[in-house]
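So the structure is just underneath, and the comments pick up after that.
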Amino acid sequence: MTSTTEQTQRGGINVARLLMSFGPLMFLALLIIVFTVLKPSFIDPINIFNIMRQISITGLIALGMTFVILTAGIDLSVGSLLAFCGMVAAVVAKGGTANTLSLSTSGTQGFGWFAALLAAVVVGAIAGGVQGFAITRLKVPPFVVTLGGLTVFRGLTLTISNGGPISGFDASMRWFGTGLIGPVPVPAIIFAAAAILCHIVLRYTRYGRAVYAVGGNAEAARLSGLRVDRILISVYVIVGFFAGLAAFVLSARLNSSEAVAGIGYELTVISAVVIGGTSLFGGIGSVGGTVVGAALIGVLQNGLQFNNVSSYTQSIVIGLILILAVAFDRWLKSRVRR
Amino acid sequence: MTSTTEQTQRGGINVARLLMSFGPLMFLALLIIVFTVLKPSFIDPINIFNIMRQISITGLIALGMTFVILTAGIDLSVGSLLAFCGMVAAVVAKGGTANTLSLSTSGTQGFGWFAALLAAVVVGAIAGGVQGFAITRLKVPPFVVTLGGLTVFRGLTLTISNGGPISGFDASMRWFGTGLIGPVPVPAIIFAAAAILCHIVLRYTRYGRAVYAVGGNAEAARLSGLRVDRILISVYVIVGFFAGLAAFVLSARLNSSEAVAGIGYELTVISAVVIGGTSLFGGIGSVGGTVVGAALIGVLQNGLQFNNVSSYTQSIVIGLILILAVAFDRWLKSRVRR
Amino acid sequence: MPAEATAPSPSPALLAVEGVTKRFAGVTALSDVSLEVRPGEILGLLGENGAGKSTLLKILSGVMPPSSGRIVFDGVEFNPHNPQDAKRLGIVTIYQELSLIPTLTVAENIFIGRAPLGPLGLVSWRKMEEDSRAIIARVGLDLDPTTPVSALSVAEQQLVEIARALSLKSRLIIMDEPTSALTETEVQKLMSIMGRLRKDGVAIMFVTHRLEEASAICDRMTVLRDGRLAGHLDRDGGPIKLPKIIEKMVGRAASELYARPTLRDVAGDVRLSVRGLRTVRDPQAPHAIVLEGVDLDLKAGEILGVAGLVGSGRTELARAIFGADRIAAGTITLDGKTIAPETPADAIALGIGLVPEDRKHQAIFAALGILTNFSIAALGRYSNAAGFMTERREREALASYRKTLSIRMASPEQPIEGLSGGNQQKVILARWLARDPKVLIVDEPTRGVDVGAKAEVHQILVQLAARGIAIMMISSELPEVLAVSDRIVTMRRGRITGEMPGIEATEEKLMELMALDQTQEATQ
Amino acid sequence: QDKLTILGSVPSLGFPFFVHMLNQIKAEAQAQGVNLTESDGQNSAPKQTADIEAALVQKVDAIVISPLDVNALAPAIEQAVQAGIPVVTIDRRVDGVEGILAHVGADNVKGGEAEAQAMVAAFPNGAKIFHLQGQPGAGPAIDRNKGVHNVLDPLKDKYQIVFEQTANFARAEALSVTEAGLAANGKPDAIICANDDMALGAVEACAARNFTDVKIYGFDALPEALVAVRDGKLAGTVEQFPGEQSRTAVQIAVAYAKDKTEPKEKLVLLTPIVIGKDNLDKAERLGETK
Ligand SMILES: Nc1ncnc2c1ncn2[C@@H]1O[C@H](COP(=O)(O)OP(=O)(O)OP(=O)(O)O)[C@@H](O)[C@H]1O
Ligand SMILES: Nc1ncnc2c1ncn2[C@@H]1O[C@H](COP(=O)(O)OP(=O)(O)OP(=O)(O)O)[C@@H](O)[C@H]1O
Ligand SMILES: [Mg+2]
Ligand SMILES: [Mg+2]
């Protein structure tokens with residue numbers, strides 16, 4: 001019976017899906033317990049909400065990245081794209097590229113938060129679409145296209161802002177980064193809502209099925225009548241959209257869009273997806289796993305900082321625990337299979 | 001007939017192999033011509049030797065990375081491993097972790113360049129082997145293991161040196177970074193020799209062919225009686241060895257081992273390999289391609305700098321040209337085959 | 001020694017399997033199986049899809065360990081930990097799922113791990129290519145050995161695997177459905193090679209679902225049913241009779257499972273018409289056959305059999321109609337309207353379906369569940385206007401096909417890679433049945449399907465045709481073509497070389513047309 | 001052709017501090033009527049070395065450089081000196097290379113000391129302190145950290161650093177790290193940051209918890225930080241006069257390249273100061289804030 005349950009992992013009922021992310025999830029629980037024992041204030045609601053707010057930025061991008069990696073693709077440009085979209089949002093919000101900070105942060109002459117949000121996600125989606133187009137039409141591997149994108153978008157961002165940040169947004173925009181609904185931070189709510197939406201799309205729609213199929217076997221997908229190129233382009237649009245959304249939230253949170261934002265995010269984001277059990281070779285994975293992966297990284301970083309572990313030691317511990325978490329997952333799966 | 005020749009790419013005669021790296025190679029030639037027309041001093045031997053010296057560090061690692069990627073693996077830890085090996089080499093060369101620059105660079109109390117070199121490559125190879133072991137035994141994907149390695153080795157490096165650089169090596173060691181043989185820089189010679197060796201190993205030994213087989217289809221390779229795990233471990237040992245060698249050359253060149261050395265190298269190195277035509281899905285690729293890929297990146301950076309292109313524009317141009325170079329290669333291949 | 005083994009051993013067993021059991025998660029694939037193989041004999045291993053044949057062979061090859069039981073090879077207990085251990089003892093295996101390395105050339109695949117070395121101990125590419133040319137010639141393959149395997153058709157790959165196995169020093173050769181993609185000619189060649197090996201004292205274990213083949217060549221047979229030993233059969237003077245085999249396999253008296261359905265008088269309109277179809281050379285497979293002007297009509301409600309030797313271009317024809325390959329010239333009309341499908345999606349939208357020949361690479365999503373594999377071509381049918389899957393209907397449909405096709409599976413979520421080959425094929429068939437196409441092209445529809453299921457598949461094809469669907473069936477198995485076709489065309493080198501009503505066709509007549517060369521063709 | 005060309009090289013144009021530096025170099029070069037070849041070290045010693053090598057091939061007339069790392073760039077600078085090209089270093093001083101024309105700089109260690117001293121002055125009776133460090137291993141991070149500890153370590157009894165973490169010079173990271181610090185240790189009296197970006201991140205974290213009376217110190221005196229100082233969000237930021245450094249360096253380099261005018265001083269050291277609300281007018285970039 002175990003086996004049958006185990007077999008349902010790639011598309012079964014919720015219990016089975018939980019089992020799938022079992023390894024990382026158990027590891028996450030373990031970490032939380034250890035940190036709480038070390039310092040009970042770790043599970044203070046304040047700190048938990050801190051962690052949720054912290055993982056929301058890379059978490060949002062990781063949701064989009066899950067789609068991409070499910071098709072056996074990759075997107076290295078997300079960090080730069082985040083900076084680019086953030087800068088675009090800032091320009092729209094402030095109505096210009098002035099690097100200088102206006103005296104009063106409330107009175108901006110820009111177009112308001114909605115225009116800024118729209119600009120960020122539309123620019124992100126278009127940028128993603130262009131990359132998807134290059135991947136499918138020019139037949140350049142995703143790794144190369146998005147590596148190119150990584151440097152191109154960073155260059156564009158620096159050009160727009162001339163290297164400096166654009167800062168000072170009005171309160172309505174800042175709410176998306178710093179506001180609370182009840183006790184819960186807005187970014188965490190945005191992330192949770194987006195995660196649920198992505199889960200539904202991947203799990204319960206024909207589009208989601210198609211994404212898995214393309215990643216599972218692109219040739220078979222083509223011969224089964226799927227428009228593989230369109231699906232591939234769409235996943236890069238999705239990750240671009242989420243990079244834009246994350247950029248908006250980050251800018252709102254920091255009250256500033258920086259040209260150096262998001263450097264190295266690609267690795268954090270991809271780690272979250274991969275630790276969550278999504279295969280880099282496509283076709284296997286889930287949104288739930290990605291959320292757990294992102295949470296694992298967030299808890300680990302926060303917990304070590306919480307205990308004021310030296311940054312050198314932090315690096316070592318984080319690296320080892322990431323490997324261990326995945327190793328534990330594999331071991332657990334191999335046990336369940338027997 | 002063209003087509004048959006083309007087909008031999010994965011194991012045929014040399015002319016065919018050249019054709020294979022045709023796209024990037026032609027693109028490289030094109031770039032050199034353009035830069036020379038823009039500024040004839042570009043092809044001054046001095047500048048050409050500069051370029052060769054510049055690409056030798058990442059180029060050496062890219063040679064090792066070619067082995068790894070041929071097996072459908074990846075190694076993200078190379079930049080950190082470079083820093084780690086460099087620091088180890090410095091400690092051995094100086095006989096301690098003193099961060100300060102000794103006033104006379106000649107009189108060190110350490111163990112000499114040979115011990116330093118040996119330490120660097122042995123530590124690199126062992127570190128690679130440990131990662132390979134985690135990949136094969138713990139069944140953790142290479143991406144995760146080496147991402148863990150990326151942070152672990154950086155943390156170890158910082159711990160050894162307490163964040164600072166270790167500087168000031170004796171002349172015999174510095175020769176490996178700054179010396180000349182005739183007019184040719186020593187690092188370039190080391191790189192060329194290593195490239196030839198790797199080419200021979202991959203193309204003309206059973207081991208090399210086994211690497212291709214494992215990358216082409218690991219399960220089939222296992223069924224054919226190859227020791228897949230051993231081969232997988234070996235490629236991580238090789239890339240670690242080369243990271244150590246590159247670290248030694250870099251430290252010798254800069255007269256200093258820095259804790260922040262090699263940050264972001266993983267992407268440069270993987271780009272060189274991928275632009276050179278090696279598939280991230282394994283089984284297809286060549287050392288020649290990697291050398292051309294590394295040269296392409298080096299020429300591009302040097303040429304743009306040479307023409308005083310603004311740094312932001314450089315990013316944009318480099319990104320676009322990398323994509324174009326690979327697109328051109330794909331287009332050429334689709335044409336040649338007809 | 002199991003009691004069933006009746007015949008006295010003429011020589012001591014080379015390999016003895018004693019009470020081997022293999023359990024997978026939830027499934028017991030083998031339970032207490034014993035058998036033995038002697039030097040210089042060909043042992044047939046038979047059984048329905050999922051009976052456990054491949055599992056047993058994989059255990060013998062060191063791919064996986066048994067859960068319990070003992071294996072004795074050459075008088076010594078044998079516990080292989082990996083394929084290399086088996087290889088070292090001279091056990092050579094041809095696996096059911098092709099196990100060549102697609103990115104490497106034919107020559108390299110043949111010499112994998114043992115490339116000939118020249119002076120300095122370096123690989124001698126020239127010698128490797130020359131030797132491999134000779135090796136593949138033995139099985140009748142005439143290919144440039146520097147071709148990458150990814151460019152070969154399934155049949156060619158199968159021949160390369162056979163050639164490789166035969167070139168290894170061996171005492172026991174294990175062949176898991178080596179002939180499933182081959183036509184008569186190649187099979188004959190293989191049989192004669194097997195005969196020669198037998199004379200040299202090599203033992204062979206041979207798995208096939210083509211019982212005639214088994215009957216013709218095997219000295220003895222061991223039959224498995226549901227993972228258990230169903231019994232042993234011995235050649236008693238003459239070849240072992242088919243009904244006897246079938247009875248042992250399915251456990252009941254053998255009715256004539258391979259019944260030729262009564263041929264219907266097909267009077268339907270022409271549904272699909274092809275004129276002057278030419279294809280462009282596929283850059284990935286430069287030596288591949290291109291169509292040289294094919295004319296063909298396919299009527300509603302008929303089953304058109306397409307026969308031809310390996311490389312005759314049947315698959316190319318199917319792919320061209322289906323929009324999977326580019327067309328250079330020619331017209332295709334469907335129900336009187338000219339169509340030009342540029343992608344399979346176009347063709348499918350027009351009502352054309354294709355069951356491809358290369359199941360592993362072109363049909364299944366190995367890691368995905370059976371449910372997803374089943375419904376992928378008919379997502380529109382099992383989703384609502386908002387794009388959400390209507391999973392209940394999807395499951396019900398799968399459940400009904402599971403019954404009609406008797407698909408053996410644990411659950412709809414089970415990854416399809418866990419199914420036996422024959423059961424995978426049935427899921428793929430179900431995928432297309434669920435779309436209810438106007439034209440269904442099936443390329444080797446029963447490759448690897450057991451005799452009972454094969455009859456079921458034939459029955460299904462006949463029923464579909466009766467509903468007015470036009471079916472084009474490509475098969476390398478002439479008895480199959482003869483059994484179900486209303487009309488048969490033969491192909492050679494990208495051309496149609498002949499046509500006849502199914503009722504008039506015989507193997508001899510078809511073979512003659514299939515082998516027809518260009519000059520004869522001109523005079524026809 | 002008679003127009004001189006100089007190379008202006010900075011560690012990384014990803015940081016506003018160095019963008020300002022290069023802009024000032026550019027402006028002064030224009031004022032002096034010389035061509036400028038720009039170089040962005042992209043946070044990589046080999047890259048900055050390569051830029052110098054390329055400039056040597058092009059035979060620039062002088063080099064003005066802020067080295068990413070004083071040890072790792074020493075060989076390249078030595079090479080330039082040996083090729084007879086005048087080199088003026090800005091901000092970070094390269095020891096052990098003979099023949100550098102001049103150095104114009106404000107020591108990062110001194111800056112760190114100034115920052116800590118400002119904090120000590122604000123809390124004469126002792127304080128509970130958070131310390132946000134820069135990117136591990138990077139030159140300025142090491143030096144600034146050293147300066148802070150030079151001052152605070154002897155005063156350990158009164159001034160406790162209860163939370164000391166790196167935030168990699170980045171604002172977003174500083175925000176998260178400070179949040180964690182606040183949750184773990186409660187409100188501190190002061191937060192010392194190794195650059196302004198991190199200080200501004202810390203400001204956001206404190207603001208979210210309504211800890212508006214925490215004294216936060218930044219480094220670099222960027223315009224955004226100056227506004228924050230004026231608004232009372234930052235207690236202070238360290239001014240190293242990068243613009244003045246840059247312009248002086250270009251003047252020295254061009255004077256020598258034109259007619260071998262030796263600089264009056266080989267070592268121009270500007271003393272870093274902490275800009276607070278009361279001495280905002282001393283800030284170099286006050287004009288850039290509206
Ligand atoms: N890796 C596996 N995991 C789980 N179950 C498996 C696995 N491999 C085989 N099985 C199950 O074991 C049983 C025997 O399979 P096997 O492949 O040996 O059948 P077979 O006799 O070779 O069938 P066929 O004629 O279709 O090839 C089947 O029920 C199959 O589903
Ligand atoms: N999917 C494919 N991709 C590339 N080449 C192919 C493909 N399918 C077939 N070929 C090539 O086309 C040639 C003709 O084979 P094809 O499969 O069309 O013939 P066939 O008559 O269907 O015979 P069989 O299927 O028995 O090989 C083969 O030699 C093979 O190299
Ligand atoms: Mg089988
Ligand atoms: Mg075929």
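Sequence lines set the chain letters: A, B, ... in the order given, protein chains first and strands last, and positions in each chain run from 1.
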**OP:** Pick one of side chain, backbone, both or neither for A:F42, based on which atoms fall under 4.5 Å of a heavy atom in chain D.
**Re:** neither
**OP:** Measure D:R285 against the heavy atoms of chain A and call it side chain, backbone, both or neither at under 4.5 Å.
**Re:** neither
Original post:
Does any non-hydrogen side-chain atom of D:V19 lie less than 4.5 Å from one of A:N162?
Top reply: yes
Original post:
With only heavy atoms counted, which part of A:D44 is less than 4.5 Å from chain D, the side chain, the backbone, both or neither?
Top reply: neither
**OP:** Calculate, to the nearest 0.5 Å, the distance between atoms CG and CG belonging to A:N255 and D:L175 respectively.
**Re:** 11.0 Å
Subject >> Residue selection (most heavy-atom pairs with chain A, distance under 4.5 Å) from D:D197, D:L200, D:L222, D:N185 >> reply: D:D197
Subject >> Under 4.5 Å from any heavy atom of chain A - which part of D:V162 >> reply: backbone
Original post:
What do you reckon, is CG of A:L180 surrounded by more than 12 foreign heavy atoms closer than 6.0 Å?
Top reply: yes
Original post:
So do the side chains of D:L182 and A:I46 get within less than 4.5 Å of each other, counting heavy atoms only?
Top reply: no
**OP:** Please determine, among D:L13, D:V177, D:L226, D:N23, the option with the most heavy-atom pairs under 4.5 Å with chain A.
**Re:** D:V177
**OP:** Under 4.5 Å heavy-atom distance to chain A, tell me which part of D:E179 shows up: side chain, backbone, both or neither.
**Re:** both
Subject >> Under 4.5 Å from a heavy atom of chain D, the part of A:S315 involved >> reply: neither
Subject >> Which of A:Q301, A:R154, A:K39, A:R174 touches chain D most, by non-hydrogen pairs under 4.5 Å >> reply: A:R174
Original post:
Listed by residue number, which members of residues 164-174 of chain D have a heavy atom under 4.5 Å from any heavy atom of chain A?
Top reply: D:E164, D:Q165, D:T166, D:R171, D:A172
**OP:** Might you confirm whether atom NZ of D:K215 has over 12 heavy atoms from other residues, nucleotides or ligands at distances under 6.0 Å?
**Re:** no
**OP:** Taking atom NZ of D:K282 as the centre, report whether more than 12 heavy atoms of other residues, nucleotides or ligands fall under 6.0 Å from it.
**Re:** no
Original post:
Between D:P136, D:A180, D:A208, D:G137, which residue shows the highest count of heavy-atom pairs closer than 4.5 Å to chain A?
Top reply: D:A180
Original post:
If you draw a 6.0 Å radius around NZ in D:K146, do more than 12 non-hydrogen atoms from other residues or ligands fall strictly inside?
Top reply: no
**OP:** Kindly give the heavy-atom pair with the smallest separation between A:N47 and D:A183, and that separation in Å.
**Re:** OD1-CB, 3.5 Å
Subject >> Proximity breakdown for A:Q305 and chain D, heavy-atom pairs closer than 4.5 Å >> reply: both
Subject >> Stepwise side chain to side chain contact (heavy atoms under 4.5 Å, CB included) test for A:R253 and D:S176 >> reply: CA-CA 11 Å; A:R253 179 158 143 75; D:S176 312; 3.9 Å; yes
**OP:** Let me know if A:L158 has heavy atoms under 4.5 Å from chain D in its side chain, its backbone, both or neither.
**Re:** side chain
